[in-house]
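These values consider heavy atoms only, across backbone and side chains, with no hydrogens, waters or symmetry-generated copies. Both ligands and their constituent atoms are indexed starting at 1 by order of listing.
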Amino acid sequence: MYDRVTARAYTNIALIKYWGKENPVLNLPTTTSLSMTLDAFYTETSVSFDQGILADSLVLDGSEVDNRRVHTFLQMLRENIADFPHVLIESHNQVPTAAGLASSASSFAALTVAMAGLLELTAMPEELSRLARCGSGSASRSIYGNFAIWHKGEDDFSSYAESFLDEDIGLTMLVAHVSEETKKISSTDGMQRAQASAGYARWVAESEKALEEIKPAIIAQDIEKIGLIAEENALSMHALNRTAEPPFDYFTDTTRALVDFAADCYHKGFLAFATLDAGPNVKIITSRKEEEAVLARFKAAFPDIPFDICHAGPRAEVRDAH
Ligand code: 2P0
């Protein structure tokens with residue numbers, strides 16, 4: 001039995017987005033989504049049982065925080081797996097928190113893998129994915145490296161992610177840090193509003209079609225096709241938000257300018273496609289071959305914006321157990 005287990009999980013960016021819940025308690029999605037795990041942003045989490053504390057405790061980057069989702073998640077483990085004493089969770093984020101870079105994905109994937117180690121669970125990745133999903137939907141995909149597909153499923157047992165392609169196909173994501181501020185509308189709220197849009201059923205149908213189109217493009221390592229499909233999927237998600245009930249928009253003027261600049265680069269012959277999550281930051285899809293040239297163009301046009309270069313990242317793993 002271990003005293004302390006440390007796990008690391010990397011964040012992921014969806015190429016086909018998760019943007020709606022069939023069941024908000026269990027995070028059962030309305031659509032199947034597909035992502036690439038990134039190598040640049042991760043969460044490292046250590047867990048230990050602590051008889052000396054009165055409740056489960058989360059210390060995030062050195063400060064104690066009260067996080068309702070984490071408490072609910074640990075309760076879910078107690079009910080589903082086994083009862084256990086109070087847990088001390090110490091977590092470090094190498095992800096800009098809550099600004100559309102899905103720190104909840106890496107956080108709950110790292111917490112799931114660490115807790116599975118501490119509880120000595122012999123769980124398959126699909127089971128870990130299912131548990132991570134209960135913490136945050138996108139965390140189901142961060143269990144895997146490279147490309148993961150989260151099957152929407154029909155219930156708690158059938159909704160989990162699997163590896164879609166465990167191979168680095170040379171896709172690069174350039175992350176433009178437009179803003180590190182906490183987003184004004186959480187993903188959960190945003191999804192709820194989007195689902196009240198008159199156009200939601202059409203978005204679901206388009207997403208299903210896009211998913212079937214992107215699968216062979218990933219297998220064929222066709223970055224241009226992947227980029228075109230992912231960009232369309234992301235922009236239609238944001239267009240949907242503008243018709244939501246009530247409407248909202250994660251875009252800033254800089255977001256719009258970056259998206260337009262990616263389109264301009266593509267028309268000039270470069271591989272450059274935009275994708276965005278629940279925030280104003282833009283991720284530019286390009287290839288490893290063209291990343292330097294594309295980055296140079298963006299830096300020249302947006303000299304005040306910091307950029308990160310990301311490639312495909314590894315799966316979530318226990319790093320230390322003693
Ligand atoms: C995604 N996003 O597929 C989509 C695209 C944001 C936009 O998953 O409520 O933090 O915890 O299940 O996973 C962000 O939503 O939402 C997200 P919850 P989550 O990556």
Side-chain angles (χ1 to χ4, degrees), residues 9-38 41 43 67-70 72-73 76 93 95-112 129-144 147-153 156 159-161 164 173 175 182-195 203-204 207 210-211 214 229-241 244 248-251 255 274-283 285 310 313:
Y10 292 78
T11 194
N12 70 78
I13 302 289
L15 299 168
I16 302 296
K17 307 292 185 190
Y18 150 50
W19 200 239
K21 303 188 194 208
E22 210 71 77
N23 179 328
V25 176
L26 295 169
N27 292 332
L28 301 181
T30 53
T31 59
T32 294
S33 55
L34 197 154
S35 62
M36 188 175 94
T37 297
L38 302 186
F41 306 120
T43 302
N67 186 301
R68 184 187 50 82
R69 278 187 173 217
V70 168
T72 309
F73 180 74
M76 181 278 296
N93 254 337
V95 188
T97 307
L101 279 167
S103 64
S104 67
S106 53
S107 300
F108 278 100
L111 180 58
T112 303
S129 171
R130 196 176 74 79
L131 293 171
R133 186 209 76 227
C134 296
S136 182
S138 53
S140 64
R141 302 185 307 239
S142 271
I143 296 296
Y144 305 92
F147 296 90
I149 182 164
W150 172 18
H151 305 289
K152 74 181 179 107
D156 188 22
S159 184
Y160 56 81
F164 176 72
M173 292 257 186
V175 177
T182 303
K183 60 199 173 200
K184 289 183 185 73
I185 298 162
S186 72
S187 298
T188 305
D189 286 352
M191 289 184 206
Q192 205 172 12
R193 291 192 197 188
Q195 284 178 261
W203 187 81
V204 168
S207 172
L211 177 73
I214 207 166
I229 298 167
E231 183 173 71
E232 169 72 24
N233 182 261
L235 294 182
S236 68
M237 178 192 116
H238 286 270
L240 183 70
N241 295 342
F248 64 102
D249 199 344
Y250 289 120
F251 275 45
T255 306
T275 181
L276 309 92
D277 292 313
N281 295 322
V282 180
K283 295 95 184 181
I285 296 170
C310 304

**Study point:** Residue from Ile16, Thr11, Asn12 passing side-chain contact (heavy atoms from CB on, under 4.5 Å) with Ser35
**Key:** Asn12

Review point. Hey, is Arg133 touching ligand 1 through its side chain, its backbone, both or neither, going by heavy atoms under 4.0 Å?
Key: neither

Short side-chain to backbone donor-acceptor contact, [X] and [Y], under 3.5 Å:
X      : Y      : answer
Asn233 : Lys17  : yes
Tyr144 : Thr37  : no
Ser159 : Lys152 : yes
Ser140 : Arg133 : no

Taking 4.0 angstrom as the limit and counting only heavy atoms of [X], give me the atoms of ligand 1 inside it, by number and element.
X      : value
Ala14  : 1 (C), 3 (O), 20 (O)
Asn27  : 12 (O)
Met191 : 15 (O), 16 (O)
Thr188 : 9 (O)
Ala278 : 6 (C), 7 (C)
Trp19  : 6 (C), 7 (C)
Lys17  : 3 (O), 5 (C)

Heteroatom proximity flag, [X] to ligand 1, N/O under 3.5 Å:
X      : answer
Ser136 : yes
Tyr18  : yes
Gly137 : yes

Exercise for review: Test Thr255 against His238 for side chain to side chain contact (heavy atoms under 4.5 Å, CB included), laying out the working first.
Suggested key: CA-CA 12 Å; Thr255 306; His238 286 270; over 6 Å; no

Review point. Non-hydrogen atoms of Ser104 versus ligand 1: any pair closer than 4.0 Å?
Key: yes

Practice item. Determine the interplanar angle of the Trp19 and Phe248 rings, folded into 0 to 90°, and report it as parallel if under 30°, tilted if 30 to 60°, perpendicular if over 60°. Key: tilted

Practice item. Could you walk me through whether Ile143 and Tyr160 pass the side chain to side chain contact (heavy atoms under 4.5 Å, CB included) test, one step at a time? Key: CA-CA 10 Å; Ile143 296 296; Tyr160 56 81; over 6 Å; no

